[in-house]
Each structure stands twice: as structure tokens, then as C-alpha cells.
Amino acid sequence: MSAVLINGVAAARQLHDELCSAVETLVERGATPGLAVVLVGDDPASSVYVRNKVRRSVEAGLRSFHHELPASTSESDLLALIKRLNAAEDVDGILVQLPLPPHIDAQKVTAAIDPAKDVDGFHPINVGNLSLGAPALVACTPLGCMLLIKGVRKDLAGLSAVVVGRSNIVGKPLAQLLLRENCTVTIAHSRTKDLPLVCCGADILVAAAGRAGFIRGDWIKPGAIVIDVGINRIERDGKQQLVGDVDFEGARSVAGALTPVPGGVGPMTIACLLRNTIEAACRRRGISSPLANAAD
Ligand code: NAD
């Protein structure tokens with residue numbers, strides 16, 4: 001068997017097109033969604049992420065507010081900016097790029113964002129609502145993974161899903177989303193015993209551990225949907241390369257469907273950020289969402 005490759009670039013482009021028409025509809029109604037992106041410091045990877053988020057939001061027709069603050073910014077100055085953004089009428093979504101410099105408490109900053117504008121889905125209220133099955137803004141990478149999985153198979157009820165990784169931003173929210181789809185969910189982590197055996201039972205296997213190529217083909221159930229969230233920079237044949245957590249060649253001959261790295265989950269993350277911003281704008285302004293499956 002050779003796995004169907006799940007094309008995250010194409011899926012993100014299609015979602016982006018849908019978002020552009022949704023924004024057009026909202027602009028006509030005089031409700032242009034606005035996204036504020038806050039970057040503290042000059043971490044090169046964070047700067048690239050922020051630049052891409054701003055560029056994509058402008059392309060989609062959103063109003064973009066970009067705040068770049070020096071690494072020396074105090075926690076209280078950052079909290080004061082968030083307070084202003086919470087109160088700003090034309091800001092529907094607020095994203096503070098992580099990681100923050102060590103003198104700033106990221107949890108305190110996340111909790112200071114108005115949950116209705118928390119388009120990263122990291123606020124405790126959104127995390128709690130997700131676990132209650134109540135409407136919530138959901139973290140972007142897990143949301144992107146779910147859209148890719150549902151693109152392969154609509155009805156996931158009764159399937160066994162294994163999520164490798166229990167971070168607050170990927171593993172745990174994704175496990176909640178899979179549970180909401182009536183999967184039987186296992187979360188595996190660095191202390192899990194006999195991980196190959198756990199993975200072998202998965203109809204849906206999500207790898208989000210940040211360990212290059214460590215999920216091997218012989219850990220995968222034939223025909224499984226395999227979602228590789230990992231982004232690892234390695235050196236191979238003297239060249240820098242991006243690889244996932246799954247041994248791609250090994251998995252390809254066993255899985256039913258598989259995301260590549262790059263070109264799988266990654267492109268969906270920014271598209272889901274814009275989707276969350278549109279959802280947040282509609283909810284805040286009390287207007288119906290022009291997006292299909294608005295409650296996802
Ligand atoms: P994290 O470091 O916060 O969490 C890693 C998790 O993996 C932990 O829960 C840990 O218990 C588990 N783990 C580590 N080693 C393990 C092992 N040997 N066996 C089983 N479990 C193990 O990482 P994160 O922020 O959740 O990110 C995970 C990966 O996903 C990283 O490679 C990251 O770069 C990538 N990522 C990609 C996107 C995207 O847009 N595609 C977004 C976020 C994160």
C-alpha cells in the first residue's frame with residue numbers, strides 16, 4: 001500500500017480562498033475583522049512567523065495591527081498594551097507571539113487577553129470551554145490537523161486515535177477535538193511505556209513530540225491516517241533539512257493517508273488563525289458567520 005499524501009498547501013489555499021470571500025462579505029456589512037499581532041524581542045524564528053501571519057492576514061483582507069516591542073519591554077507595559085487591544089473596537093483578534101522573553105510570565109499574558117479575542121485559543125476559558133464541548137476559540141495547529149483529518153474521512157466516530165505529545169498548544173487540544181468527534185483517544189508522552197504497541201492500535205495517529213523521524217513505519221497500523229505535526233531541523237548530507245516526527249518513507253508504505261513535512265500541517269496553522277479571527281469578529285459583533293462549519 002502507498003499512502004495518499006495529504007496536501008496541506010492545497011488545503012490551506014482552499015481555506016484561504018473561503019476566508020477571503022467571508023471577509024469580503026463582512027467588509028460589505030461594515031464589519032472588517034481586525035487582527036493585532038504582538039512580537040516582543042527579536043527571536044529570528046518568531047519574526048518570520050509574525051511576518052507570515054501579518055502578510056497572510058493582509059492578503060485575506062483583514063485589518064492588521066502589528067506591534068513590535070523590544071526584548072527589554074516590561075511585563076506591565078505588555079499587559080498595558082493588551083488592555084488597550086482588549087478595549088479597541090476595531091481589534092477582533094489578539095495574538096502574542098510565543099515564546100516571550102524570560103522576564104515575562106507567558107501564562108499571565110495569555111490570561112490577560114479577552115477570551116473573545118483570544119484567536120490562539122490559549123486562554124484558560126477557551127481551553128475549558130473546549131473540554132466542556134462548549135463553543136470556544138480552538139488553538140490553530142490542532143484545528144488545522146482536524147480539518148486535514150476530516151478532509152480524509154468525515155465520520156470519525158468509534159475510531160481509535162493516538163496523539164503522541166501532551167503539550168497545551170498541540171497534543172491536549174487535539175485530543176479534545178478528537179474526543180468531540182467520538183474517537184477513543186489515547187494521549188502518549190515521554191513517559192508512555194511501549195509506545196510502538198500504543199501506536200500500532202491507532203486508526204488515527206498524530207505525532208507531536210518534536211523528535212525527528214522517531215515514529216517508524218512498523219509502529220503504524222496498515223491504512224491509518226497519520227498526521228505529522230513535528231517540525232525538526234536536521235542536517236543530512238551536509239544540508240539543513242526540515243523533517244517531521246514520522247519516518248516518512250517507512251510510514252508511506254503502511255499508512256492509508258499521511259501528511260508530509262513540510263507541506264502538511266504547517267500551512268494550515270496560519271489559515272486557522274485567520275479563520276479564528278473571522279469567527280471572533282462575528283461572535284463579538286453578533287452577526288452570523290459566513291463560514292461553513294462555523295462551529296468547528
Ligand atoms: P512540546 O515540546 O511542548 O511537547 C512535546 C511533547 O512530546 C511532550 O508532551 C512530550 O511528553 C512528548 N514527547 C517528547 N519526547 C517523546 C518521546 N520520545 N516519546 C513520546 N512522547 C514524547 O512540543 P509542541 O509545542 O507540542 O510541538 C511538538 C512538535 O510540533 C514540535 O516539533 C513543533 O515544532 C511542532 N509544531 C508544529 C506546528 C505547526 O504549525 N506545524 C505548530 C506547533 C508545533
Side-chain angles (χ1 to χ4, degrees), residues 5-13 15-16 37 43-46 48-53 55-56 95-100 106-107 110 119-122 127 130 138-149 151 161-178 185-202 205-216 218-220 226-234 240-248 258-276:
L5 288 191
I6 302 173
N7 186 339
V9 176
R13 197 176 299 131
L15 177 55
H16 190 80
V37 178
D43 174 63
S46 293
V48 172
Y49 293 143
V50 162
R51 210 178 312 131
N52 287 338
K53 286 168 185 173
R55 182 168 53 84
R56 284 286 175 189
L95 178 147
V96 178
Q97 184 66 42
L98 301 177
L100 289 167
Q107 274 189 11
T110 302
V119 284
D120 250 343
F122 296 163
V127 174
L130 174 64
V138 177
C140 303
T141 300
L143 186 55
C145 291
M146 273 317 287
L147 293 175
L148 292 179
I149 295 168
V162 173
V163 180
V164 183
R166 57 174 162 187
S167 72
N168 291 334
I169 61 169
V170 185
K172 285 183 201 158
L174 187 49
Q176 291 291 351
L177 288 173
L178 288 160
V185 182
T186 303
I187 305 181
H189 47 76
S190 53
R191 303 286 188 89
T192 295
K193 290 207 172 89
D194 205 348
L195 186 62
L197 185 70
V198 174
C199 292
C200 273
L205 177 61
V206 181
R211 300 275 179 274
F214 92 117
I215 305 258
R216 294 183 3 201
D218 58 0
W219 299 12
I220 294 170
V226 179
I227 303 293
D228 193 352
V229 186
I231 301 179
N232 309 288
R233 280 179 180 78
I234 59 157
Q240 289 285 321
Q241 241 186 324
L242 273 193
V243 297
D245 287 355
V246 176
D247 167 19
F248 184 76
L258 170 67
T259 57
V261 177
V265 173
M268 290 298 280
T269 299
I270 295 186
C272 287
L273 170 70
L274 307 187
R275 191 180 192 273
N276 275 351

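Just follow the structure's listing: the first ligand is 1, and inside any ligand the first atom is 1.
Contact of the Val261 side chain with the Val243 side chain is not registered, since no non-hydrogen atoms from C-beta on lie closer than 4.5 Å. With contacts defined as side-chain heavy-atom distances shorter than 4.5 Å, the pair Arg166/Ser190 qualifies. Within the 4.5 Å cutoff, no side-chain heavy atoms of Asp245 are placed close to those of Val229. The shortest side-chain heavy-atom distance between Phe122 and Leu98 falls under the 4.5 Å cut-off.
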Test log, rule side chain to side chain contact (heavy atoms under 4.5 Å, CB included), inputs Asn168 and Val127: CA-CA 9 Å; Asn168 291 334; Val127 174; over 6 Å; no
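The protein residues lying under 4.0 angstrom from ligand 1, judged by non-hydrogen atoms, are Thr141, Val164, Gly165, Arg166, Ser167, Ile169, Val170, His189, Ser190, Leu195, Ala208, Ala209, Gly210, Arg211, Phe214, Val229, Gly230, Ile231, Asn232, Val265, Gly266, Thr269.
Proximity of a side-chain donor or acceptor of Asp247 to a complementary backbone N or O of Ile215 within less than 3.5 Å is not detected.
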